[in-house]
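Written out below as C-alpha cells is the structure these notes cover.
Every heavy atom of this structure was used, including side-chain atoms; hydrogens, water molecules and symmetry mates were not. Everything numeric here is computed off the predicted structure, so don't read it as measured data. So that the names make sense, note that chain A is the first sequence line, chain B the second, and so on, each numbered from 1.
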Amino acid sequence: MSQLHITNSLSREKEIFIPLNPPYVGMYVCGPTVSGESHLGHARPYVTFDVIQRWLKHLDYKVRYVRNITDAGHFEEEDREAVDKVDTKAKLERLEPMELVQKYTNMFHDAMDLLNNERPGIEPTATGHIIEQISMIQEILKKGLAYEVNGSVYFDVTKYAKNNDYGKLSGRKIEEMIAGSRELEGQDEKRNAADFALWKKAPPEHLMRWPSPWGEGFPGWHIECSAMATKYLGVPFDIHGGGMDLQFPHHESEIAQTRTATGNSPAKYWMHNNMITVNGKKMGKSYNNTITLRELFSGNHPLLEQAYSPMTIRFFILQTHYRSTLDFNNEALKGAEKGLQRLMNSADVLNQLRYMENAGDFSQSEDDAVNKLISSLTEYMNDDFNTAMTMASLFELASKINAWQNQQAKITSISSATFERLKSAFNLFISEILGLKNESAAASDSKMDEVMQLVISLRNEARTKKDFATSDKIRNDLQKAGIQLKDGKEGTAWEII
RNA sequence: GGUCGGGUGGCCGAGGGGCUAGGCAGAGGUCUGCAAAACCUUUUACAGCGGUUCGACUCCGCUCCCGACCUCCA
C-alpha cells in the first residue's frame, strides 16, 4: 500500500485516495451538538478524524479541516427549564440558549485539547450561518424540490428520488422506507413521511428563532452542514466524515440538499467511524450508561473503577480500527493505560540510546527486520488509517529498543543509518501522527526534579552505607505521597503514580 | 418487522484460504540489599453444523447469539 486507500461508505469499498484538486484536500466532519456535556461518544470520531487529518498533512496535502458546532435547535438544560415568557419579567431569569451553548462549547474545546486533538482550521457555528442556510433553502425551493406549509419548508424526498438515488449512501430503498415508517404526530404537514424539514416555524415557546421569508423559525436538522460545507469547501470537496449513526438520515439528506441546490454532490469520499459500547451495550440515555469525558478523566462515575487519562483514552481508541465497534470496560481501559506507558517509555529509552559503531556486530537480517517494521508504519496508515496495525508495529519496535537498552541484543546489529531512521520514525508516529504525548507534567517540572534528585542521592548514600532502614523509609514515605522510585542499572528514576 | 455489520484465547482487539498480529492479565526468568519498577521468554483462539478446497478461523449455506440504523444521537 504505497498509496493512501480509504474505505468509501458510498461504494462500501476501499478506494485509492485521489484528491480532487491536489495538493489541497477539503475535509468536513460533523461536529457536536452543544446542548449537553461532551461524552465518551464524542471522543471517538474526533480522535479518529484528527489522526486522519494529521496523516493527510504528513503526506504533504494542504488540508482544510472544517468541523461545525451545532448550536441551533431546541435547547433546554436538564436542571434549568425555560420559563414561560409571559410570567417572567426579568430577562436574566430566563434561559438564554446562547449562554448554554457557549458553556458546552467551552467544555467541548477543553476536552478536545486534553485529548490532544488539533483544532480544525474552521469551526463554523450553525447560528452564525442562518443567512447561508436560508438562501440554500430558497435555492431548493426554486428548483421545485421543496414546499412551504404554514411557515415551515420541507424537502420533497419523493420527487427528488425520481431522478436521484436517495438512499445510496445508507443502502436504503425509498419505497421500503415509506412503507416501513409509522405515522407520527405532527407529520401532517409533510406530503410524504420520508420528507424532512429544511425550515421549521417556531412555536411560541421555542427559544431560538430567526426571521425568514417564511416567518420566524429555525433551520432544519440537516441544512447547516450542507450550507457550511459548501461555503468553506465548495462542491464537491474531498472527504466528509462523521459517526455511522449519521449516515441516515443526516448525510443522506445532506447529499440531497447539496445536489439540489448546487448541482454537485458534496463529497467524493464519505468516511464513517463506528460506535462505542460500554460493557457491551450501546451508550445512551435510556441505558443509563452515558459517561461524560469529565467523568472519565476524573473517575467519578459508578461504572468506573478509576480515572483514565485523556492519553489513555486516545491510545485506547487508536488501538482499534475506526470502522469497528469499540467496547469500553475497566479491564480494557487499564490494559490501555499500561500499554501506553510501555510505548511512551520505549520512546524515552530510544531517545537516550547511544549508538557506538561496531561493524563486527552488523546483522543484515536484523537490519532488514527493523527497516521493514519502519516501512510498515506508513503502509498501515495508508491502508485506510489502520492505526491498530501501526501500533502493533510500534510495539514490536519497542521490544527491540528495550532489548538494546538491556544489552539483551546489540544495537550495532543494525546500521547507524537504520538507527537514525528508527529514531525519527518512532517519534514521528507516536507524537505527530498518533498524537500521543507524555502526560506526567510533574516530570517536566525542573524544580520538582531537582528536589527529587536530591532525595534520591541522599537515599543512595544511605544504601551505600547499608543503612536500609533510612533508604526504605524514604522509598516508602514517597510511595505514600504518590511518588514511586524505580531503581535501575542506570540509577534511580521517579514518577508520579 | 426491514436494511446492514459482527461473533477471535481470562479481557480489549488486528487480520484475511497455507506464513507469530499487538496490548493487558496469567506463568517462568533477568536485574535488585529487599521490594517495586523495568525488561526478556511463554501457554490458551477463531460461535455451532454442513459444504467448496490438497488445505478454512478466513469462501459458501443454514442455525444460534450480539450490535447498529430505520426516532434526538458521535
When the ring planes of H39(A) and H42(A) are compared, do they come out parallel, tilted or perpendicular, using 30° and 60° as the limits? tilted

Between A35(B), A37(B), G33(B), which nucleotide gets closest to the side-chain atoms of D487(A)? A35(B)

Expressed in angstrom and rounded to an integer, what is the separation of W494(A) atom CH2 from A35(B) atom C1'? 21 Å

Classify the nucleic acid contact of D472(A) as base, sugar-phosphate or nothing, counting any heavy atom under 4.0 Å across all strands shown. base

Assign L326(A) to base, sugar-phosphate, or nothing according to its heavy-atom contacts below 4.0 angstrom with the strands shown. sugar-phosphate

Please report the distance separating the P of G51(B) from the corresponding atom of U8(B), rounded so that it comes out in whole Å. 25 Å

Using the P atom in both, what is the distance from G22(B) to U42(B), to the nearest Å? 10 Å

Taking atom C1' in both C12(B) and G26(B), what distance in whole Å separates the two? 16 Å

Which residue lies more 5' along RNA chain B, comparing N273(A) with T325(A) via nearest heavy atoms: T325(A)

Taken to the nearest whole Å, CD/Q405(A) to P/C40(B) is 10 Å

Output the rounded distance in Å from CG (L246(A)) to P (C70(B)). 10 Å

Taking the P atom of each, how far is A21(B) from U43(B), in whole Å? 11 Å

Do NZ/NE/NH1/NH2 and the carboxylate oxygens of K334(A) and E305(A) come within less than 4.0 Å? yes

Could you check whether R463(A) makes a cation-pi contact with F468(A), meaning its NZ or CZ is under 6.0 Å from the centre of the six-membered ring and within 45° of the ring axis? no

Heavy atoms of other groups near R323(A) CZ, more than 12 under 6.0 Å: yes

N/O donor-acceptor pair, side chain R475(A) with base A35(B), under 3.5 angstrom: yes

Quick one: what's the B/S/- string for nucleotides 19-25 of chain B, heavy-atom cutoff under 4.0 Å, read 5' to 3'? --BBSSS

Heavy-atom nearest nucleotide on RNA chain B for P45(A) versus T320(A): which residue maps closer to 5'? T320(A)

Of the options A38(B), C40(B), G33(B), whose atoms approach the side-chain atoms of Q408(A) most closely? C40(B)

Carboxylate-amine/guanidinium contact R54(A) D50(A), below 4.0 Å: yes

Determine whether R459(A) and D487(A) satisfy the following criterion, salt bridge (Lys or Arg N to Asp or Glu O under 4.0 Å), listing intermediate values before the conclusion. CA-CA 11 Å; R459(A) 172 167 170 268; D487(A) 295 327; 3.1 Å; yes

Interatomic distance, D327(A) CG vs U8(B) P [rounded to whole Å]: 11 Å

S324(A) vs A14(B): side-chain N/O to OP1/OP2 distance below 4.0 Å: yes

Nearest-Å distance, CE (M244(A)) to P (G6(B))? 10 Å

Measure the spacing between CE of M27(A) and CD1 of I52(A) and express it to the nearest 0.5 Å. 6.0 Å

From C70(B), A36(B), C34(B), nucleotide with atom closest to F248(A) side chain: C70(B)

In the strands shown, is G67(B) matched to any nucleotide by a Watson-Crick or G-U wobble pair with both distances under 3.5 Å, and which? C4(B)

Sticking with atom P, work out how far C4(B) lies from G15(B), rounded to a whole angstrom. 22 Å

For F316(A), report the nucleic acid contact type (base, sugar-phosphate, nothing); a contact means any heavy atom under 4.0 Å. sugar-phosphate

My understanding is that only one of T48(A), D384(A), N274(A) makes a side chain to side chain donor-acceptor pair (under 3.5 Å) with Y322(A); could you say which? D384(A)

Is there a Watson-Crick or G-U wobble partner for A36(B) with both distances under 3.5 Å, and if so, which one is it? none

Could you measure between the two C1' atoms, the one in U32(B) and the one in C39(B), and give it in whole Å? 13 Å

For the C1' atoms, the ones on C60(B) and on A56(B), what distance do you get once it is rounded to whole angstrom? 11 Å

From CD of E252(A) over to C1' of U71(B), roughly how many Å is that when rounded to an integer? 17 Å

Send over the distance from N476(A) CG to C34(B) C1', rounded to a whole Å. 11 Å

Here the distance between atom C1' of C34(B) and atom NZ of K473(A), to the nearest Å, is 18 Å

Check every strand shown and say whether N274(A) touches a base, only sugar-phosphate, or nothing at a heavy-atom separation below 4.0 Å. nothing

Report the base-pairing partner of G26(B) (Watson-Crick or G-U wobble, both distances below 3.5 angstrom), or none. U42(B)

So does R294(A) pair up with D110(A), basic N to acidic O under 4.0 Å? no

Look at K410(A) together with E366(A) and state whether they make a salt bridge at an N to O cut-off of under 4.0 Å. no

Residue D245(A), side-chain atoms from C-beta onward, closest of A36(B), C69(B), G33(B): C69(B)

Out of C39(B), C70(B), A74(B), minimum distance to the side chain of P249(A) belongs to C70(B)

Ignoring backbone atoms, establish whether N345(A) has a side-chain N or O less than 4.0 Å from OP1 or OP2 of A37(B). no

Base-pairing mate for C62(B) - Watson-Crick or G-U, with both contacts under 3.5 Å: G48(B)

Say you pick atom C1' in C54(B) and the same atom in C65(B); how far apart are they, in whole Å? 34 Å

